[in-house]
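The structure appears below as structure tokens.
Computation of the quantities below employed the complete heavy-atom set of this structure, encompassing side-chain atoms and omitting hydrogens, waters and symmetry-equivalent molecules. Throughout, protein chains are lettered first and strands after them, A, B, ... in sequence-line order, and every chain is numbered starting at 1.
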Number of protein chains: 2
Amino acid sequence: MDKEITIYDIAKGVGFSPTTVSRALNDHPAVNKKTKQRIYDIAAQMGYRSNLFASNLRRQHTNTIGVIVPILNSNFQSSVMAGMEKVANEAGYNLIISQSLGTMEKEIANAKTMYNSRVDGLLVSLSHDSESIEHFEPFFKKGIPVIFYDRVAEHKQSTSIVIDNVQAAYKATTHLIEQGCRNIVHITGNLKINVYTDRLKGFKYALVDNDLPYKKASVIATDLTEEAGIKAAEQILKMDPRPDGIFVANDFCAVNCMKALKQAGIAIPDDIAVVGFNNDPITRVVEPNLTTIDYPGYEMGEVAARNLTNYLDALSDVNITNTVTLRSDLIVRESSLKKKLKK
Amino acid sequence: MDKEITIYDIAKGVGFSPTTVSRALNDHPAVNKKTKQRIYDIAAQMGYRSNLFASNLRRQHTNTIGVIVPILNSNFQSSVMAGMEKVANEAGYNLIISQSLGTMEKEIANAKTMYNSRVDGLLVSLSHDSESIEHFEPFFKKGIPVIFYDRVAEHKQSTSIVIDNVQAAYKATTHLIEQGCRNIVHITGNLKINVYTDRLKGFKYALVDNDLPYKKASVIATDLTEEAGIKAAEQILKMDPRPDGIFVANDFCAVNCMKALKQAGIAIPDDIAVVGFNNDPITRVVEPNLTTIDYPGYEMGEVAARNLTNYLDALSDVNITNTVTLRSDLIVRESSLKKKLKK
DNA sequence: TTGGTAATTGCAACCGATTTCATAAATTTG
DNA sequence: CAAATTTATGAAATCGGTTGCAATTACCAA
């Protein structure tokens, strides 16, 4: 097995001190250009690779960004991560990733690991049942930047990257109303999470602004899983009068709900129009194609990572921006286009 | 900002030397139990956290596993990663992740970064156009374990985690034949990649074993994207005689091909039966539901990571296993069940 | 020639934990 | 009770870069 080459070996090779070698390798301006070149050449020739621990130990930073996600294998989250990885990689940062699997317990453990791994910054989407963000206090105390995205929490020391969930839900609901729906049901997730409370707000506001009554019974809170969609469908079928529109806070759940309704003989969109949320690929596969909100995951990942790397590289000196809101649009497809409006 | 607590601070606090503190914290047997307990208590009380760089620098390992994937945002890959993360996390390893975006160039750069980050081991799924694995030589030379999964390459020093693609494709094709198909088309990906050549082999063997002719014209090599599926459908529509079965090496492509065929008035499965590959969630959404091969991504991630951590923790002393083959099954759904066989 | 400044380079002290070797104290054995 | 072990602890070297400060040389103007 090859022995590892150090700057001391290089120093011996070129007849300069380790100090100069170190400086040359870091492109320090106080080193003669010719010296630098010679050192580069010899280093390359000897197959030198820098020892990041030694460097990190001395410099007190790691060039590593921690990411904590609820779950990796969802279309949205993996898109986010793809965007993050691209930006982080380009900026010279490594990404270390862990999933909370939706529990606060694991999120706390992960935060601790990240803290011990001394990440330079943290990108977090909160778990389903995270009721506090106390476990990030150590980061705040030590001035390690934490950026929340999608599922965020308010904190004066952290930035949040979100879409305007209220507005998006408002658009979605308004669209249903424009299609003639007068009795709309909203299927949502855990109402402790900002995204779902905001979407509920948008739903409510749209009703009110269109002089439609808002009834608590029209909101079905679920865990947004496959089964939840089916159960919600059953619940809807029992309602009297039967709803004529559904706004679901998640595509996957929406699709399963739709399937169950179709099996029960409901015509979509004519009997019931459906709108989802996220623009998951399945929305273009299900029949009829699902109207949904385009939630730009990849872009969100890029923005979150860029925000962090800029801050770390002191490109953005102060952390002025507290919230970044990305645009999100309604994508209209057949699942919500009632016939009477079609030509 | 809090100052960082070191073992020296603790040493001062308890009146023992840093040596003893270090040993106590690592649960070394040569430290008195009472001493240990006192050190634990004080460490906790002072809010001590170990400095991983110092430790890594001295110990020459990082407790970090590098993962290089072609692309993060695919259902299969993110499932794999979810499985990996779970196992690695439990075994006390961090995962650093990078994507090659399908190009060998970026894969080489990523490998270099991982090498410099001194990962303890590497988990790799090769990029589309990786024609050699020379860029992993430094790892092999230094004895750093590299495990390939899904898209693998032969190397005497590395383990591969795969499914039996030949057998899976054989099953899929045989199933189509059993359904009465006599003129089957195979849509595949880049034939330089093991998974696709193997699937092609399975396709071929199944034909031969059933006394059906294998024609080169029946194999459509594509990039398996959404558009590729549509283009392939157009190509199929022009064929004379028209095929009665399609075996696609990827669900996403299969679904789009199916949609295009349906639009052209083809009845599925009666005119043409379709089988996909991967068991992506969309297979249960498309109509008719797509018959496919269950490719256990999550499990593959678990197995790959476990294999690596066991090796690193010297639980499996020698690297005996060179290839691990996971089981994969055919899941039959409506897209391939021709009427005449239905009751 | 002299004083002064800029350009290069090196010494040595870190960063914080681990580990070899030696030592002191406690315990067992003959 | 002396000798041989065992148990518990510490001093100091080490891992491989980085960096404050000092030293040397080169260069320029007066």
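The side-chain contact (heavy atoms from CB on, under 4.5 Å) test applied to Ser125(A) returns Pro70(A), Gln77(A), Tyr149(A), Asp150(A), Arg151(A), not counting sequence neighbours.
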Atom pairs, protein N/O to nucleotides 24-28 of chain D N/O, distance under 3.5 Å:
none

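The backbone N or O of Val152(B) sits less than 3.5 Å from a side-chain atom of Asn194(B), completing a donor-acceptor pair. Side-chain atoms of Asn73(A) never come within 3.5 Å of backbone atoms of Met81(B) as a donor-acceptor pair (strictly under, hydrogens ignored).
From the 5' end on, the contacts that DNA chain C makes with chain B at under 4.0 Å to a non-hydrogen atom open and close at dG16(C) to dT20(C).
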Show, in sequence, the C-alpha distance, side-chain angles and deciding distance for Phe53(A) and Arg58(B), and conclude whether the side-chain contact (heavy atoms from CB on, under 4.5 Å) test is met. CA-CA 9 Å; Phe53(A) 319 139; Arg58(B) 186 60 225 242; over 6 Å; no
Give the intermediate values and the outcome of side-chain hydrogen bond (donor to acceptor under 3.5 Å, both in side chains) for residues Asp313(A) and Tyr93(A). CA-CA 11 Å; Asp313(A) 297 342; Tyr93(A) 286 86; 2.6 Å; yes
Could you walk me through whether Thr19(B) and Ser22(B) pass the side-chain contact (heavy atoms from CB on, under 4.5 Å) test, one step at a time? CA-CA 5 Å; Thr19(B) 308; Ser22(B) 169; 5.9 Å; no
If you apply the rule side-chain hydrogen bond (donor to acceptor under 3.5 Å, both in side chains), what do you find for Asp41(A) with Gln37(A), and how did you get there? CA-CA 6 Å; Asp41(A) 291 346; Gln37(A) 195 53 55; 3.1 Å; yes
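What you find for Pro18(B) and Ile7(B) is that their closest heavy atoms are O-CD1, 3.9 Å.
Relative ring orientation between His155(B) and Phe140(B) is described as parallel, the plane-to-plane angle staying below 30° on a 0-90° scale split at 30° and 60°. Using cut-offs of 30° and 60° for the angle between ring planes, the Tyr295(A) and Phe76(A) rings count as tilted.
Residue pairs meeting the salt bridge (charged side-chain N to carboxylate O under 4.0 Å, His left out) criterion with at least one partner in residues 44-57 of chain B, sequence neighbours excluded, are Glu4(B)-Arg49(B).
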Once each nucleotide of nucleotides 5-18 of chain D is scored for protein heavy atoms under 4.0 Å, what B/S/- sequence comes out, 5' to 3'? ---BBBBBBBBBBB
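At a threshold of 4.0 Å, the pair Lys86(B)-Glu299(B) does not count as salt-bridged, since none of the basic side-chain nitrogens sits closer than that to a carboxylate oxygen.
Comparing the local axis fitted to the first five base pairs of the helix from dT1(C)-dA30(D) to dG30(C)-dC1(D) with the one fitted to its last five gives a bend of 40°, rounded to 10°.
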